[in-house]
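To start, the structure itself, in structure tokens.
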Amino acid sequence: MSQSWSARPLYEVKAGLFRGLSHPFRIRILELLADGDEHSVAELQDLTELEASHLSQHLAVLRRHRLVVSERRASHVYYRIVSPAVAELLAVARALLTEFVSADAARAGDVAALPELP
């Protein structure tokens, strides 16, 4: 039986956070939510082009690792990031990525093509 979130050592909780971030589609979903607005599942599906079942699985992982929260209104479910710190974490990761690829001129265009982060 696994320990509850609050009973686990903080380094395990932190590792879980990074596991939640460890898929390209989850990063993409978080980048879309980083604008600070709520987005419906249908909107996220359109923007990511994921099948509904795959999107649902990724959103479940993000919820489990406390990166997003959801709210049902009528027949729609809306998601938002749990804190502006999530967007800040994505921005820091983007800056680090930029440093890594700046030495490789062939990849510099790839960085420029990434969507804007708030």
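As a basis for the values below, the full set of heavy atoms in this structure was taken, side chains included, without hydrogen atoms, waters or symmetry mates.
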NE2-CD distance between His54 and Glu49, expressed to the nearest 0.5 angstrom
14.5 Å

Stepwise side-chain contact (heavy atoms from CB on, under 4.5 Å) check, Leu17 with Val13
CA-CA 6 Å; Leu17 168 71; Val13 175; 6.0 Å; no

Ignoring hydrogens and angles, tell me if any N or O in the side chain of His65 forms a donor-acceptor pair with the backbone of Gly16 under 3.5 Å.
yes

Do Leu30 and Leu47 share a hydrophobic cluster (ILVMFWY, side-chain heavy atoms under 4.5 Å, transitive)?
yes

Tell me whether Leu96 at atom CG has more than 12 heavy atoms from other residues, nucleotides or ligands lying less than 6.0 Å away.
yes

Mark yes or no for whether Ser22, through its side chain, and Arg19, through its backbone, hold a donor-acceptor pair below 3.5 Å.
yes

same_hphob_cluster(Val86, Phe18) at 4.5 Å side-chain heavy-atom cutoff
yes

Joint cluster assignment, Leu55 & Leu21, ILVMFWY side-chain distance < 4.5 Å:
yes

Could you check whether Glu71 pairs with Arg73 (Lys NZ or Arg NE/NH1/NH2 to Asp/Glu carboxylate O, under 4.0 Å)?
yes

Is there a side-chain contact (heavy atoms from CB on, under 4.5 Å) between His58 and Phe25? Walk through the geometry before answering.
CA-CA 7 Å; His58 287 301; Phe25 280 116; 4.0 Å; yes

To the nearest 0.5 Å, what is the distance between CG (Asp46) and NE2 (His39)?
12.5 Å

How far does CZ of Arg26 sit from CG of Leu62, to the nearest 0.5 angstrom?
6.5 Å

Is Leu50 reachable from Leu32 through a run of I, L, V, M, F, W or Y residues, each pair having side-chain heavy atoms under 4.5 Å apart?
yes

hydrophobic_cluster_shared for Val69 and Ile27, side chain cutoff 4.5 Å:
yes

In Å and rounded to the nearest 0.5 Å, what is the CG to CG distance from Leu90 to Leu33?
9.5 Å

Give the intermediate values and the outcome of side-chain contact (heavy atoms from CB on, under 4.5 Å) for residues Val41 and His76.
CA-CA 7 Å; Val41 171; His76 299 284; over 6 Å; no

Over all heavy atoms of both residues, which pair between Pro115 and Glu31 is shortest? Give the atoms and the distance, please.
CG-OE1, 4.2 Å

With a 4.5 Å cut-off on side-chain heavy atoms, are Arg80 and Ser70 touching?
no

Arg63 and Val68: side-chain contact (heavy atoms from CB on, under 4.5 Å), yes or no, with the steps?
CA-CA 5 Å; Arg63 273 193 322 271; Val68 299; 3.8 Å; yes

So do the side chains of Val82 and Arg66 get within less than 4.5 Å of each other, counting heavy atoms only?
no

Distance from Leu59 atom CG to Leu44 atom CG, nearest 0.5 Å?
6.0 Å

With side chains defined as the heavy atoms from C-beta onward, is the minimum distance between Ile81 and Leu67 less than 4.5 Å?
no

Atom CZ of Arg94 and atom CG of Leu89: how far apart are they, to the nearest 0.5 Å?
12.5 Å

